[in-house]
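From a predicted model like this one, the values you see are computed outputs, not experimental measurements. Residues: numbered from 1 along the sequence shown.
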Amino acid sequence: MSEDGMKQEKIGSVTLNLTYYSGQDYYSDGDIEDEMLDIAMNNPAERFPEIIEEKKSWPIFYHFSPLRANIIDWIPFKKTDKVLEIGAGCGAITGALAKRTGSVTCVDLSKKRSMVNAYRNRDAENITIMVGNFKDIEPHLDTDYDYVLLVGVFEYGQAYIGGSSPYEDFMRICNRHRKLDGRLIIAIENKFGLKYWAGCREDHLGTYFSGLEGYHTGGTARTFTRHGLEQILEKTGIHEYAFYYPYPDYKFMTTIYSDRYLPKKGELCNNLRNFDRERVLLFDEKQVFDEILDEKEFPLFSNSYLLVVGGAPNVLYAKFSNDRSAQWAVRTLIVRDAPGAFHVEKLPDTEAAVGHLMHTKRAYDCLSSRYEGTKIAINVCRPIGEDAKQGLAFSFCNGRTLETLLDECLGRADVQGFKALIDEYMYWAGYNEDATETSNIDFIFPNILVDEEGDEKQWHVIDYEWTLDRHVPARDIIFRAFYNYTLGGGMRKACEDLLMRDILGLTDAQLQEAIAKERDFQLQITGNHSSAENMRELIGNRAYALEGMLMYYNYADKKFVAQIYVDYGAGFSEENSVKLMDCFFAERYLRLTYDIPDDAVRIRVDPCSYLCAVNIRELRVGDRLYTADVIETNGIWQECGTLVFDTEDPNLAIDVAGGRKLTVDLEVMELPQALAAQLAGAAAKEDFVAKTKGFIKARMKGRQ
């Protein structure tokens, strides 16, 4: 790319290329971007987690969380790689790319966002950010990139490219900038993702079921199913590609699966991730995911996709445990050695975590000695290289987790089978515990693979990183296993009494004490900062359970109901009345219209069935507006014009002419009984005094 005629700025070591910038940002989230720029300018990256907790803001969490980089941190980049990042935004992954590759060229429409990116990565000498419209910049980009990345960008193809086939054109254009053996990587939501069926709002429009309904209400963003993406690939002539499945989704991915290593039943239980907006909970996603896995339909319902165009990496699976204090931040990979041959790697995410892995190697030796000669097989562990500084390699074990086997017992109501597995687990948790000061507190159900081949079912302990150099009673370790299991919701939660009280014999007080200790341990692991899982609560977006919503609506259908009585000349009666539902707004504003029958002479409006104060905003029949002096009511008028009803049968009656439309607009506020009585009594007393004074005044005037 020629440097002639380029307009450039420097922010630290980062080059900001403004040659194609129009001078105006056409996309902005508003004032929050000024706040984000201030954060990037005046704080090191180490402070971002602390700031995220202080601000409790979705945009700041989204743009500054280091967990955003998980989506690309498992990819086997090389320090010689040349990377193009399209739609880099505020640099959520740019810094991670710069650390692991030779050079990063970013493209983004917004100068302000590009400045955020540049300031947070100001020490990186290998980042160039090109600001401007992609269509203007693209013809000047190189065509020999090792990686071209679109993370959260491809869905905006219509806005980037336009035309009648924007997504096919966008795919084709981006693909031509990678070298022949390079890769194009696209991270995008799946419009059929299970979370949208379960009650999460569509990410881009913020509305329920928009993607499922085909975006018929409009909007510029479009997401796709796997089939939809494959159709685009076919139309653009791309035949070499692989799909990966980020979980819970690509934004804050903790685990990524592939067609060569799909999730197992029981694994997908971390589904409350609605950081940006409130949601409803229509069903238990963990249970539905288990059914989906049984039916082998996971690719259709994965919440997100990571599409790799070009040769598939040898990594089949990655799990990140970097939402922890730096000394314990690691990742786990399953890597293909040859067709049908795999191994597992645990790698440090920070230099501080190297000691944790070295301790894990020592734990392998201690635990192997403890369980020597038994059916408990501690997964073989060896250093990568001469020591554990680069990481650890483990054998790949086959089998199903103990967690899955327990779930299956619950599913078929096999109580005896469930108890037998629990009994055996408890035996091994306490086996030979007095012979060593080493305690594996990570001896929990998902870390035990049961190999069902042969007569003797061997139990492989595949993860033992939380092995402590001190004695921890087996009972405490068993509690951790039970507690973590019941957090899976659904049927597991129903086992809490059986596990905690019947089997462990814990009282309510002992259970709460044990839970508090576990929470303290988790806080220690995270370095006393909130995990991503807890950020949803800090930000404040609720998840409303369907059962609770139905209970509320049943309550509202009884409470927030108005009734209209019609008098045809013989008085009001239940027979000649109608109840009106769904006429209250925000539980206090009653708004309704009603066509008055032709031969009606009077109408009575009962706004509710509880003690209340009513402000009449409008009471109209046709062109006639009714005022206090012509309204008959069993309430007491206040001096301010409000009606107070010290009765659960409040009503307002008016004379009418039939054949016209009744319009009612009232503000109705429920009152406590004591307050209603006090207000009604005081008003009645004032009315009595006023009338008495008027009567006396009239008599005195008559005597004169």
Novice: Do Phe289 and Phe301 have their ring centres less than 6.0 Å from each other?
Specialist: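 Between Phe301 and Phe289, which both carry aromatic rings, the centre distance is not below 6.0 Å.
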Novice: Using the salt bridge (charged side-chain N to carboxylate O under 4.0 Å, His left out) rule, collect all pairs that involve residues 145-155, keeping only residues at least two apart or in two chains.
Specialist: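 Matches after skipping sequence neighbours: Asp146-Lys179.
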Novice: Quick check on Asp31: does its CG atom have over 12 non-hydrogen neighbours (other residues, nucleotides or ligands) under 6.0 Å away?
Specialist: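 Atom CG in Asp31 is not packed in, count stays at 12 or less.
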Novice: Could you tell me whether Arg100 and Asp81 have a side-chain N and a carboxylate O separated by less than 4.0 Å?
Specialist: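 Salt bridge between Arg100 and Asp81, a charged N being under 4.0 Å from a carboxylate O: no.
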Novice: Around Asp582, counting heavy atoms of other residues, nucleotides and ligands shown, do more than 12 lie under 6.0 Å from its CG?
Specialist: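 No - once you tally the heavy atoms of other residues, nucleotides and ligands closer than 6.0 Å, there are 12 at most.
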Novice: Salt bridge or not for Glu278 and Arg201, using N-O below 4.0 Å?
Specialist: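 Salt bridge flag = yes for Arg201 with Glu278.
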Novice: Can you see whether Glu138 engages His177 through a side-chain donor-acceptor pair at a distance of less than 3.5 angstrom?
Specialist: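 Yes, a side-chain donor-acceptor pair sits under 3.5 Å.
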Novice: Would you indicate whether the side-chain heavy atoms of Asp29 and His63 approach each other to under 4.5 Å?
Specialist: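 When only atoms from C-beta onward are counted, Asp29 and His63 do touch, with a gap below 4.5 Å.
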Novice: Between Tyr245 and Asp259, is any side-chain donor less than 3.5 angstrom from a side-chain acceptor?
Specialist: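 Yes - a donor-acceptor pair under 3.5 Å links their side chains.
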Novice: Quick one: do the His216 and Glu213 side chains pair a donor with an acceptor below 3.5 Å?
Specialist: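 Indeed, the side chains of His216 and Glu213 share at least one donor-acceptor pair under 3.5 Å.
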Novice: Short question: side chain of Thr207, backbone of Ser210 - any donor-acceptor pair under 3.5 Å?
Specialist: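 Such a contact is absent between Thr207 side chain and Ser210 backbone.
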Novice: With a 4.5 Å heavy-atom cut-off, do Lys191 and Leu212 have their side chains touching?
Specialist: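 No, their side chains stay 4.5 Å or more apart.
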Novice: Under 3.5 Å, side chain of Ser302 to main-chain N/O of Phe298, donor-acceptor pair present?
Specialist: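 A pair under 3.5 Å: no.
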Novice: Do Thr332 and Lys346 have side-chain atoms, one donor and one acceptor, less than 3.5 Å apart?
Specialist: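 Their side chains do contain a donor-acceptor pair, which is all the 3.5 Å distance test asks for.
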Novice: Indicate whether any N or O donor in one side chain lies under 3.5 Å from an N or O acceptor in the other, for Lys10 and Thr15.
Specialist: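 A donor-acceptor contact under 3.5 Å links the two side chains.
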Novice: Salt-bridged, Arg47 to Glu54, with N to O below 4.0 Å?
Specialist: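 So Arg47 pairs with Glu54 through a salt bridge.
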Novice: Among residues at least two apart in sequence or on other chains, which ones pass salt bridge (charged side-chain N to carboxylate O under 4.0 Å, His left out) with Asp407?
Specialist: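 Once residues adjacent in sequence are excluded, the partners of Asp407 under the salt bridge (charged side-chain N to carboxylate O under 4.0 Å, His left out) criterion are Lys286, Arg492.
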Novice: With side chains defined as the heavy atoms from C-beta onward, is the minimum distance between His204 and Thr223 less than 4.5 Å?
Specialist: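 Yes, at least one pair of side-chain atoms sits under 4.5 Å.
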Novice: Should the pair Arg591 and Phe585 be classed as cation-pi, given the thresholds of under 6.0 Å to the six-membered ring centre and 45° from the axis?
Specialist: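 Yes, a cation-pi geometry.
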Novice: Testing the 3.5 Å rule here: is there a donor-acceptor pair between the side chains of Tyr119 and Asp38?
Specialist: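 Asp38 and Tyr119 do not have a side-chain donor-acceptor pair below 3.5 Å.
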Novice: Would you say that Pro263 contacts Leu293 through its side chain, given a criterion of any heavy-atom pair below 4.5 Å between the two side chains?
Specialist: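 Yes. Closest side-chain heavy atoms under 4.5 Å.
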Novice: Looking only at side chains, do Asn117 and Asp108 share a donor and an acceptor under 3.5 Å apart?
Specialist: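 No - no donor-acceptor pair under 3.5 Å links their side chains.
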Novice: Report yes or no: do Glu85 and Thr105 form a side-chain donor-acceptor pair below 3.5 Å?
Specialist: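 Glu85 vs Thr105: no donor-acceptor pair found between side chains.
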Novice: Any side-chain heavy atom of Phe320 sitting closer than 4.5 Å to one from Ile256?
Specialist: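 No; the side chains remain at least 4.5 Å from each other.
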Novice: Take Glu267 and Tyr257 through the test side chain to side chain donor-acceptor pair (under 3.5 Å) and record every step on the way to the result.
Specialist: CA-CA 11 Å; Glu267 290 182 0; Tyr257 299 94; 2.8 Å; yes
Novice: So do the side chains of Ile32 and Ile60 get within less than 4.5 Å of each other, counting heavy atoms only?
Specialist: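 Yes, at least one pair of side-chain atoms sits under 4.5 Å.
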Novice: Taking the side chain from Arg113 and the backbone from Gly87, do they hold a donor-acceptor pair closer than 3.5 Å?
Specialist: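 No, the answer is negative, given that no donor and acceptor are paired below the 3.5 Å cut-off.
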Novice: With a 4.5 Å cut-off on side-chain heavy atoms, are Leu150 and Val148 touching?
Specialist: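 Yes, close enough: below the 4.5 Å cut-off.
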Novice: Surrounding OH of Tyr552 (heavy atoms of other residues, nucleotides or ligands, distance under 6.0 Å), is the total greater than 12?
Specialist: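 Enclosed.
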Novice: If I take atom OG from residue Ser258 and atom CG from residue Leu316, how far apart are they, to the nearest 0.5 angstrom?
Specialist: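 If I round to the nearest 0.5 Å, the distance is 5.0 Å.
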Novice: So that I know where these two stand, are Phe584 and Tyr589 an aromatic pair - ring centroids less than 6.0 Å apart?
Specialist: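 Ring-ring flag for Phe584/Tyr589: false, centres at least 6.0 Å apart.
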Novice: Can Lys56 and Glu537 be said to form a salt bridge (Lys or Arg N to Asp or Glu O under 4.0 Å), step by step?
Specialist: CA-CA 9 Å; Lys56 301 178 178 63; Glu537 294 183 16; over 6 Å; no
Novice: Can you tell me how far the CG atom of Asn534 sits from the CG atom of Asp323, to the nearest 0.5 Å?
Specialist: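 It comes to 8.5 Å.
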Novice: Is the backbone N or O of Trp58 less than 3.5 Å from a side-chain atom of Asp276, with the two atoms forming a donor-acceptor pair by type?
Specialist: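 No; judged by distance alone, with no hydrogens or angles, the pair does not exist.
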Novice: Heavy atoms, side chains only, cut-off 4.5 Å: are Cys106 and Thr128 in contact?
Specialist: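 No, side chains not in contact.
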Novice: Under the side chain to side chain donor-acceptor pair (under 3.5 Å) rule, what do Tyr147 and Arg183 come out as? Steps first, then yes or no, please.
Specialist: CA-CA 5 Å; Tyr147 288 90; Arg183 295 180 174 117; 2.7 Å; yes
Novice: Could you verify whether a donor N or O on one side chain and an acceptor N or O on the other, from Tyr215 and Glu202, lie under 3.5 Å apart?
Specialist: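 There is such a pair (donor and acceptor under 3.5 Å, judged by atom type) between the side chains of Tyr215 and Glu202.
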Novice: Consider only side-chain N and O atoms of Arg178 and Asn175, and report whether a donor and an acceptor are under 3.5 Å apart.
Specialist: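 A pair is found: one side chain offers a donor N or O, the other an acceptor, under 3.5 Å apart.
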Novice: Could you give the distance from NZ (Lys195) to CG (Asp249), rounded to the nearest 0.5 Å?
Specialist: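 The CG atom of Asp249 is 4.0 Å from NZ of Lys195, to the nearest 0.5 Å.
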Novice: I'd like to know whether Cys174 forms a side-chain contact (heavy atoms from CB on, under 4.5 Å) with Ile86, so could you lay out the CA-CA distance, the side-chain angles of the two residues, the decisive distance to 0.1 Å, and finally the verdict.
Specialist: CA-CA 9 Å; Cys174 293; Ile86 300 171; 3.6 Å; yes
Novice: Between Asp349, Thr350, Asp73, Val330, which is the residue that forms a side-chain contact (heavy atoms from CB on, under 4.5 Å) with Asn322?
Specialist: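 Per the side-chain contact (heavy atoms from CB on, under 4.5 Å) rule, the option paired with Asn322 is Asp349, out of Asp349, Thr350, Asp73, Val330.
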Novice: CD of Glu285 to CG of Leu268: how many Å apart, nearest 0.5 Å?
Specialist: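 Reported value, rounded in 0.5 Å steps: 10.5 Å.
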Novice: So which of Tyr244, Phe154, Phe243 actually passes side-chain contact (heavy atoms from CB on, under 4.5 Å) with Tyr305?
Specialist: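 Between Tyr305 and the candidates, side-chain contact (heavy atoms from CB on, under 4.5 Å) is satisfied uniquely by Phe243.
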Novice: Applying side-chain contact (heavy atoms from CB on, under 4.5 Å) to Leu229 and His227, what does each step give before you reach the verdict?
Specialist: CA-CA 5 Å; Leu229 289 170; His227 176 67; over 6 Å; no
Novice: I'd like to know if the side chain of Ser65 reaches the main chain of Tyr62, judged simply by a donor and an acceptor atom lying under 3.5 Å from each other, with no hydrogens or angles considered.
Specialist: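 No, because the side chain of Ser65 does not come within donor-acceptor range (under 3.5 Å) of the backbone of Tyr62.
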Novice: State whether a side-chain donor-acceptor pair under 3.5 Å links Ser110 with Asp25.
Specialist: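 There is such a pair (donor and acceptor under 3.5 Å, judged by atom type) between the side chains of Ser110 and Asp25.
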Novice: Using the side-chain contact (heavy atoms from CB on, under 4.5 Å) rule, take Ile334 and Val315 through it: C-alpha gap first, then chi angles, then the decisive distance, then the call.
Specialist: CA-CA 6 Å; Ile334 297 178; Val315 177; over 6 Å; no
Novice: According to the interplanar angle, ranging from 0 to 90°, do the rings of Tyr20 and His140 count as parallel (below 30°), tilted (30 to 60°) or perpendicular (above 60°)?
Specialist: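 Rings of Tyr20 and His140: parallel, under 30°.
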Novice: Determine whether the aromatic ring centres of Phe275 and Phe61 lie less than 6.0 Å apart.
Specialist: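 When the ring centroids of Phe275 and Phe61 are compared, they turn out to be within the sub-6.0 Å range.
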Novice: Would the number of heavy atoms belonging to other residues, nucleotides or ligands and lying under 6.0 Å from CE of Met549 be above 12?
Specialist: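 Atom CE in Met549 is crowded, with more than 12 foreign heavy atoms closer than 6.0 Å.
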Novice: Assert yes or no for the condition that the ring centre distance of Trp197 to Phe192 is strictly below 6.0 Å.
Specialist: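 Yes, the ring of Trp197 comes within the 6.0 Å limit of the ring of Phe192, centre to centre.
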Novice: Would Tyr250 and Asn303 count as having a side-chain donor-acceptor pair, cut-off 3.5 Å?
Specialist: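 Checked: Tyr250/Asn303 side chains show no N/O donor-acceptor pair below 3.5 Å.
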Novice: Within this structure, what is the SG-CD distance for the pair Cys90 and Glu33, rounded to the nearest 0.5 Å?
Specialist: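 Separation between the atoms: 6.0 Å.
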Novice: If you measure from CG on Leu233 to CD on Glu168, what distance do you get to the nearest 0.5 Å?
Specialist: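 One gets 10.0 Å once the value is rounded to the nearest 0.5 Å.
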Novice: Could you go through the salt bridge (Lys or Arg N to Asp or Glu O under 4.0 Å) check for Lys251 and Glu189 one step at a time?
Specialist: CA-CA 9 Å; Lys251 293 183 179 70; Glu189 297 89 351; 2.5 Å; yes
